[in-house]
Amino acid sequence: MTGQTPLEIDTSKPHPARMYDWYLGGKDNYPVDEEMGRQMLALDPRVPVMARVNRAFMHRATRWLAEHGVRQFLDIGTGIPTEPNLHQIAQEIAPDARVVYCDNDPIVLAHAAALLRGTEDGATEYLQADVRDPDAILDGAKKILDFSRPVALSLVALLHFISDEDGAHALVERLLSELPSGSYLMITHATADFTPVESAAAIEKLKAVGVTLALRSRAEFAGFFQGLDLVEPGIEVPHQWHPELGEPVPGQDDGVIPGYGAVGRKA
Ligand SMILES: C[S@@+](CC[C@H](N)C(=O)[O-])C[C@H]1O[C@@H](n2cnc3c(N)ncnc32)[C@H](O)[C@@H]1O
């Protein structure tokens, strides 16, 4: 881990990484996270299914990228380690794959050791940084990844925590600007397109505890891929993106999954 100083874990208010861990059935969360998680469940009982569907998209997209020759990954908004992690999927296909993880939550830093157990041929690294500081992330990533060769930029379930005021689209553009031709972008993102009433209530509840939820429309989601070539089948609800590359998540087809997923290639 580079340049990381221990940071204090704030257990007085819920954090997205710890709520997500709770939805996934993990143990690295606190009563405040569970309490807010339960409030989200009261709005939509399918939230844990959504979390699993999202995680399964990450597995399949990583598999697809590794099978298509990608050997370097920059994963921002990594979350608390949950096996299999991205490097385990990539290195199973390509043991020489190199992965740089990055998150701004100190709880992820506290568990980062689990992300650093890669293969001998490959490499993994963890950066404690905020996506709103893309230059710091690029500087850190360049120490591990070779930016003259393609890199897959993974922003899975991250950008709905970044507001337009913080320039979500410009941040993605800045990160991509340093990556060479043949690089990829993989994103999932929550939307209010299918469940506007529940979504509006979720935004208000999270805002009250200081968490930004910037739900975006299909067109706004597509904007992140401006100038890239979308990999088939294009923009999909996450579980319908290359379902053949993994196992279905129980319950995924029992109702709406209010999100989008896609992978794009830089020409
Ligand atoms: C829902 S989790 C997604 C984890 C993982 N990418 C996945 O899809 O399984 C979102 C993660 O984004 C991180 N995050 C939120 N805002 C961030 C920011 N400004 N910079 C970096 N990471 C951030 C949170 O700490 C959390 O770990």
Side-chain angles (χ1 to χ4, degrees), residues 1-4 55-79 81-104 108-109 112-131 133-159 171-188 224-232 241-242 245-246 261-267:
M1 289 179 274
T2 46
Q4 334 286 17
R55 192 79 190 165
F57 170 93
M58 184 278 277
H59 296 166
R60 297 194 310 281
T62 302
R63 211 165 274 140
W64 188 96
L65 289 162
E67 283 171 354
H68 284 76
V70 177
R71 295 292 175 266
Q72 306 193 96
F73 294 80
L74 173 54
D75 178 58
I76 309 176
T78 296
T82 305
E83 297 217 348
N85 295 294
L86 190 152
H87 73 279
Q88 293 166 312
I89 308 254
Q91 291 180 345
E92 190 178 283
I93 295 162
D96 60 338
R98 302 174 79 79
V99 179
V100 172
Y101 289 113
C102 172
D103 204 289
N104 72 340
V108 182
L109 174 61
L115 300 169
L116 302 177
R117 291 188 211 112
T119 57
E120 276 176 30
D121 294 345
T124 60
E125 180 56 286
Y126 180 76
L127 304 173
Q128 174 78 20
D130 195 301
V131 71
D133 187 1
D135 291 350
I137 295 176
L138 289 165
D139 285 350
K142 278 177 190 165
K143 294 184 181 134
I144 311 293
L145 305 179
D146 173 359
F147 273 36
S148 70
R149 292 169 48 230
V151 175
L153 173 62
S154 162
L155 308 174
V156 177
L158 166 71
L159 293 166
L171 290 169
V172 175
E173 225 174 276
R174 170 76 191 111
L175 290 163
L176 285 172
S177 71
E178 297 274 327
L179 306 185
S181 156
S183 291
Y184 287 89
L185 172 66
M186 65 191 252
I187 305 182
T188 58
F224 290 117
F225 293 89
Q226 185 89 39
L228 305 187
D229 300 322
L230 284 175
V231 164
E232 285 296 317
W241 192 93
H242 284 284
L245 293 176
V263 175
R265 183 178 186 276
K266 189 170 174 178

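Since we're looking at a predicted model, the values are computed, not measured. Quick note: residue numbers are just sequence positions, from 1.
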* Taking everything shown except E67 itself, do over 12 heavy atoms lie less than 6.0 Å from its CD? -> yes
* To do: State which residues pass side chain to side chain contact (heavy atoms under 4.5 Å, CB included) with A157; sequence neighbours excluded, sorted by chain then number.
  => N54, H160, T188
* To do: Hey, could you give me the CG/SG distance between L109 and C102, rounded to the nearest 0.5 Å?
  => 11.0 Å
* Considering all heavy atoms, the nearest V131-L171 contact -> O-CD2, 3.6 Å
* Interatomic spacing from CG in L74 to CG in L138 - rounded to 0.5 Å -> 7.0 Å
* Does any pair with a residue in residues 83-102 pass ring pair (Phe, Tyr, Trp, His ring centres under 6.0 Å), and if so which ones, sequence neighbours excluded? -> H87-Y101
* Closest non-hydrogen atom pair between A152 and V70, with its separation -> CB-CG1, 3.8 Å
* Residues in side-chain hydrogen bond (donor to acceptor under 3.5 Å, both in side chains) with H59, at least two apart? -> none
* If you take all heavy atoms of A90 and A97, which pair is closest and at what distance? -> CB-CB, 4.0 Å
* Structure fact -> Here the gap from M58 atom CE to M186 atom CE, rounded to the nearest 0.5 Å, amounts to 6.5 Å
* Asked: What pair of heavy atoms forms the shortest contact from I93 to P95, and how long is it?
  -> O-CD, 3.8 Å
* Can you name the side chain to side chain contact (heavy atoms under 4.5 Å, CB included) partners of D229, sequence neighbours left out? -> A267
* **Pairwise distance CG(L86) to OG1(T62) - rounded to 0.5 angstrom** => 3.5 Å
* Student check: side-chain heavy atoms of R265 and L228 closer than 4.5 Å -> no
* Asked: Taking the side chain from R55 and the backbone from T82, do they hold a donor-acceptor pair closer than 3.5 Å?
  -> yes
* Asked: Applying salt bridge (Lys or Arg N to Asp or Glu O under 4.0 Å), which residue pairs with at least one partner in residues 173-186 are found, sequence neighbours left out?
  -> D135-R174, K142-E178, R174-E178
* Applying side-chain hydrogen bond (donor to acceptor under 3.5 Å, both in side chains), name anything that partners T78, two or more places apart in sequence or on another chain. => D75
* Asked: Can you tell me how far CG of L176 sits from CZ of F224, rounded to the nearest 0.5 angstrom?
  -> 11.0 Å
* List in chain and number order the residues that pass side chain to side chain contact (heavy atoms under 4.5 Å, CB included) with L230, two or more places apart in sequence or in another chain; answer none if no residue qualifies. => F225, I235, A262
* Within the distance-only criterion (no hydrogens, no angle test), does the side chain of H242 pair as donor or acceptor with the backbone N or O of E232 below 3.5 angstrom? -> yes
* Excluding sequence neighbours, so at least two apart, what forms ring pair (Phe, Tyr, Trp, His ring centres under 6.0 Å) with F73? -> none
* Under 3.5 Å: donor-acceptor pair, side chain of T124, backbone of L115 -> yes
* **Those residues that, when tested against R60, pass side-chain hydrogen bond (donor to acceptor under 3.5 Å, both in side chains) (two or more places apart)** => none
* Grab the two heavy atoms, one from L158 and one from L155, that are nearest each other, plus how far apart they are. => CD2-CD2, 3.9 Å
* Asked: Roughly how far, to the nearest 0.5 Å, is the CD1 atom of I137 from the CG atom of L175?
  -> 6.0 Å
* Inter- and intrachain pairs under salt bridge (Lys or Arg N to Asp or Glu O under 4.0 Å), touching residues 82-104, at least two apart -> R71-D96
* D130: what forms a side-chain hydrogen bond (donor to acceptor under 3.5 Å, both in side chains) with it, not counting sequence neighbours? -> N104, R132
* **Contacts of A136 that satisfy side chain to side chain contact (heavy atoms under 4.5 Å, CB included) - sequence neighbours left out** => D133
* Asked: Do side-chain atoms of Q91 reach the backbone of G122 as a donor and acceptor pair under 3.5 angstrom?
  -> no
* At their closest point, which heavy atom of G182 faces which heavy atom of P150, and how far apart are they? -> O-CB, 3.3 Å
